[in-house]
Peer 1: 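Submitted below is the structure of interest, expressed as structure tokens.
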There are 2 protein chains.
Amino acid sequence: MRLPNAGHRRGGARDAVIELLAEQSCALSAAEIEQALAARRRQVSRASIYRVMDELAQIGQITQVEVGQGLVRFEPAHDGAAHHHHLVCQRCGALEPFADDALERAISRLSERLPGRVSEHEVVLRGRCSSCA
Amino acid sequence: MRLPNAGHRRGGARDAVIELLAEQSCALSAAEIEQALAARRRQVSRASIYRVMDELAQIGQITQVEVGQGLVRFEPAHDGAAHHHHLVCQRCGALEPFADDALERAISRLSERLPGRVSEHEVVLRGRCSSCA
DNA sequence: TTGCATGCAAAGCATTTGCACACAT
DNA sequence: ATGTGTGCAAATGCTTTGCATGCAA
């Protein structure tokens, strides 16, 4: 994950957040990021997490995923190959990533025939994850 | 739209909400519902709107749509034919509905091969609506 | 010194809940 | 009388913002 050109401060909250995020394959909420960082003795304030996320979102380095529990999740923007979507478990709240070429093709073709301009898409499936099914 | 069997009260806030919703083809937020009802001189408290929505959602009469502006939108549940998804304009915030058979087929096939159980799905496209493109 | 990333605490919003009241039964 | 839909206001929970601080340059 590329960093914005900034000059950081103190312990480098931004670096810590970016580093953690880069290791993730699936989406984390702000609270989860805070906990994960605290667990590795690198506390970062919630405010900074949101600020970094906002910054990264603006330069397209992360994707925001909203699965409908009143919170936003963040994950590194995927460069093609790792592009995926999510199945949200309505029982335990877990996110399970999946990818499907046919789905992507359908969305791609669909996007061309729509009147507007489509720059992003998000597919959310709801049901039971493999553990809860 | 079928109503729950209830005995209502006073001016019948629930009826007013259900009636308004039944006229809609696309999703409305709680605030929009409140405004629309106020405009037709049938004020309903925000709390009642949420309560009615919750009730209708539980019996599957409405669908909740989350397009990522920190609010939930509601629309009547479609019986097959009218099933659609939304393009969200990143400039003006408008919702534009669309439907696509190939997309639905892809999701349907995909849902079968996933390990969990899929009961709902939602597709959100982001970009520019036809007016803002 | 100057600028800005950071943390803390307060503010903002959408949504939910507690409570009292009044209408339907 | 009794049950419950309704409105108001307070509470909740996530996210944002204001402000002060101190490191980086």
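Lettering of chains follows the sequences in order, A, B, ..., and the numbering in each one begins at 1. Just the heavy atoms: all of them, side chains too, but no hydrogens, waters or symmetry mates, feed the values below.
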Peer 1: Return no unless some side-chain N or O of A/Ser48 is found under 4.0 Å from OP1 or OP2 of C/dG7.
Peer 2: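 Yes, such a contact exists.
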Peer 1: How long is the line joining CG of A/Asp15 and C1' of D/dA24, in whole Å?
Peer 2: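 To the nearest whole Å, that distance equals 13 Å.
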Peer 1: Between side-chain atoms of residues 105-113 of chain A and protein atoms elsewhere (two or more places apart, or another chain), which donor-acceptor pairs fall under 3.5 Å?
Peer 2:
residue	atom	partner	partner atom	Å
A/Ser111	OG	A/Ile107	O	2.7
A/Arg113	NH2	B/Ala99	O	2.7
A/Arg113	NH2	B/Asp100	OD1	3.2

Peer 1: Could you give the CD-to-P distance, from A/Glu34 to C/dG7, as a whole number of Å?
Peer 2: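 Going from CD in A/Glu34 over to P in C/dG7 covers 10 Å.
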Peer 1: Enumerate the residue pairs fulfilling side chain to side chain donor-acceptor pair (under 3.5 Å) with a member in residues 122-133 of chain B, sequence neighbours excluded, ordered by first and then second residue.
Peer 2: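 Side chain to side chain donor-acceptor pair (under 3.5 Å) check on residues 122-133 of chain B returns A/Glu122-B/Arg126, A/Arg126-B/Glu122, B/Glu96-B/Ser130.
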Peer 1: On DNA chain C, does the nearest nucleotide to B/Arg46 precede the nearest nucleotide to A/Val52 from the 5' side, or the other way round? Give the residue.
Peer 2: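 Whichever sits nearer the 5' end wins; that is A/Val52.
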Peer 1: From CD1 of B/Ile18 over to P of D/dG5, roughly how many Å is that when rounded to an integer?
Peer 2: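 After rounding, the gap between these two atoms is 12 Å.
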Peer 1: Calculate the interatomic distance between B/Ile49 atom CD1 and C/dT16 atom C1'; express it in whole Å.
Peer 2: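 So the two atoms are 14 Å apart, to the nearest Å.
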Peer 1: Rounded to whole Å, please give me the gap between CD in B/Gln64 and P in C/dA14.
Peer 2: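 After rounding, the gap between these two atoms is 16 Å.
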Peer 1: Can you tell me how far C1' of D/dG7 sits from CG of B/Leu37, to the nearest Å?
Peer 2: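 In whole Å, D/dG7 C1' lies 14 Å from B/Leu37 CG.
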Peer 1: For B/His121, which residues count as a ring-ring contact (aromatic ring centres under 6.0 Å, His included) partner, sequence neighbours excluded?
Peer 2: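 In terms of ring-ring contact (aromatic ring centres under 6.0 Å, His included), with neighbours along the sequence ignored, B/His121 is linked to B/His83, B/His85.
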Peer 1: B/Gln43 near the nucleic acid: base, sugar-phosphate alone, or nothing, with a heavy-atom cut-off under 4.0 Å?
Peer 2: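 Since only primed, P, OP1 and OP2 atoms lie under 4.0 Å of B/Gln43, the category is sugar-phosphate.
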Peer 1: For nucleotides 18-20 of chain D, which of its nitrogen or oxygen atoms have a protein nitrogen or oxygen under 3.5 Å away, and what is each distance?
Peer 2:
residue	atom	partner	partner atom	Å
D/dG18	O6	A/Arg51	NH1	3.4

Peer 1: Among pairs that include at least one residue of residues 12-33 of chain B, which meet ring pair (Phe, Tyr, Trp, His ring centres under 6.0 Å), considering only residues two or more places apart or in two chains?
Peer 2: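 Non-adjacent pairs meeting ring pair (Phe, Tyr, Trp, His ring centres under 6.0 Å): zero.
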Peer 1: Looking only at non-hydrogen atoms, find the nearest pair between A/Leu87 and A/Cys129 and report the distance.
Peer 2: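 Scanning both residues, the minimum pair turns out to be CD2-CA, 4.4 Å.
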Peer 1: Please tabulate, one pair per line, all N/O donor-acceptor pairs under 3.5 Å involving side-chain atoms of residues 16-26 of chain A, not counting sequence neighbours.
Peer 2:
residue	atom	partner	partner atom	Å
A/Glu23	OE1	A/Arg40	NH2	3.0
A/Glu23	OE2	A/Arg40	NH1	3.3
A/Gln24	NE2	A/Leu20	O	3.3

Peer 1: Testing the basics here: between A/Ala30 and A/Arg46, what is the closest heavy-atom pair and its distance to 0.1 Å?
Peer 2: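 Closest heavy-atom pair between A/Ala30 and A/Arg46: CB-CD, 4.0 Å.
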Peer 1: Expressed in angstrom and rounded to an integer, what is the separation of B/Gln69 atom CD from D/dC14 atom C1'?
Peer 2: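 That distance rounds to 16 Å.
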Peer 1: Report the distance from atom CD of A/Glu32 to atom P of D/dG13, rounded to the nearest whole Å.
Peer 2: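 To the nearest whole Å, that distance equals 17 Å.
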